[in-house]
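Presented below is the structure to which this report refers.
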Amino acid sequence: MADRSKDIEVVYDKAGNKIGESEVGVASVAVTGLAAGTVVADGDYKVTFKDSVTGLESEKVDVKGWTVLTPAPEAPTDVASTATDDGATVTAK
């Protein structure tokens, strides 16, 4: 396995625009700002390793696609119940 301690990971979109790059020796870059449920196809993003000393980059490799997670709704607050003849009415914000 290659020594990545002096490398920077760089991520590009499919148009070739740099999305972000890691710190030296960190092989991880976050892709953010996508809407929940967005389907990203294989190859919509590319990744390279750049030598932090020479600035040379490896060839670009397709990133495997994913679907952006959809977060669950916020938990209810101000929950209250009012007794009725056969149970209760529950309200929440």
Side-chain angles (χ1 to χ4, degrees):
M1 181 173 285
D3 175 12
R4 300 289 183 198
S5 64
K6 293 184 174 133
D7 289 346
I8 298 168
E9 184 176 307
V10 184
V11 174
Y12 296 90
D13 64 17
K14 62 184 171 186
N17 301 306
K18 187 185 337 181
I19 299 301
E21 62 181 41
S22 71
E23 298 294 324
V24 174
V26 178
S28 177
V29 175
V31 175
T32 61
L34 303 176
T38 299
V39 176
V40 177
D42 291 352
D44 279 356
Y45 291 91
K46 311 274 186 190
V47 64
T48 69
F49 279 113
K50 179 171 73 172
D51 185 297
S52 64
V53 177
T54 66
L56 296 174
E57 284 191 53
S58 69
E59 72 177 83
K60 293 178 181 171
V61 175
D62 288 350
V63 174
K64 184 172 170 53
W66 73 90
T67 300
V68 178
L69 299 176
T70 300
E74 290 184 27
T77 59
D78 297 328
V79 178
S81 60
T82 305
T84 63
D85 290 341
D86 62 350
T89 302
V90 178
T91 59
K93 292 183 182 176

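The residues of the chain are indexed from 1 along the displayed sequence.
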Donor-acceptor pairs under 3.5 angstrom involving side-chain atoms of residues 68-75: please list them, not counting sequence neighbours.
none

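- Under a 3.5 Å cut-off, the side chain of S22 and the backbone N or O of A27 do not form any donor-acceptor pair.
- In terms of the salt bridge (Lys or Arg N to Asp or Glu O under 4.0 Å) criterion, residue partners of K14 (sequence neighbours excluded) are, by chain and number, D44.
- To the nearest 0.5 Å, atom OG1 of residue T48 and atom CG of residue L56 are 11.0 Å apart.
- A salt bridge links D62 and K46; the closest N-O separation between the charged side-chain nitrogens and carboxylate oxygens is under 4.0 Å.
- D51 CG to E57 CD: the interatomic distance, rounded to the nearest 0.5 Å, is 10.5 Å.
- For Y45, the ring pair (Phe, Tyr, Trp, His ring centres under 6.0 Å) partners are W66, not counting sequence neighbours.
- Using a 4.5 Å heavy-atom threshold, the side chains of F49 and E9 count as touching.
- When all heavy atoms of K50 and G55 are compared, the closest pair comes out as CG-O, 3.6 Å.
- Put simply, V31 and V10 are part of two different groups of oily side chains (I, L, V, M, F, W, Y) that touch within less than 4.5 Å, one to the next.
- Hydrophobic clustering (side-chain heavy atoms under 4.5 Å, transitive across Ile, Leu, Val, Met, Phe, Trp, Tyr) groups V11 together with V61.
- Residues V63 and Y12 do not share a hydrophobic cluster, clusters being chains of Ile/Leu/Val/Met/Phe/Trp/Tyr side chains in contact below 4.5 Å.
- Side-chain atoms of V79 and V90, non-hydrogen and from C-beta on, do get closer than 4.5 Å to each other.
- Placement of I19 and V40 within a single hydrophobic cluster is found when ILVMFWY residues are connected by side-chain heavy-atom separations under 4.5 Å, directly or transitively.
- Hydrophobic clustering places V29 together with L34 (ILVMFWY residues linked when any side-chain heavy atoms are closer than 4.5 Å, directly or through intermediates).
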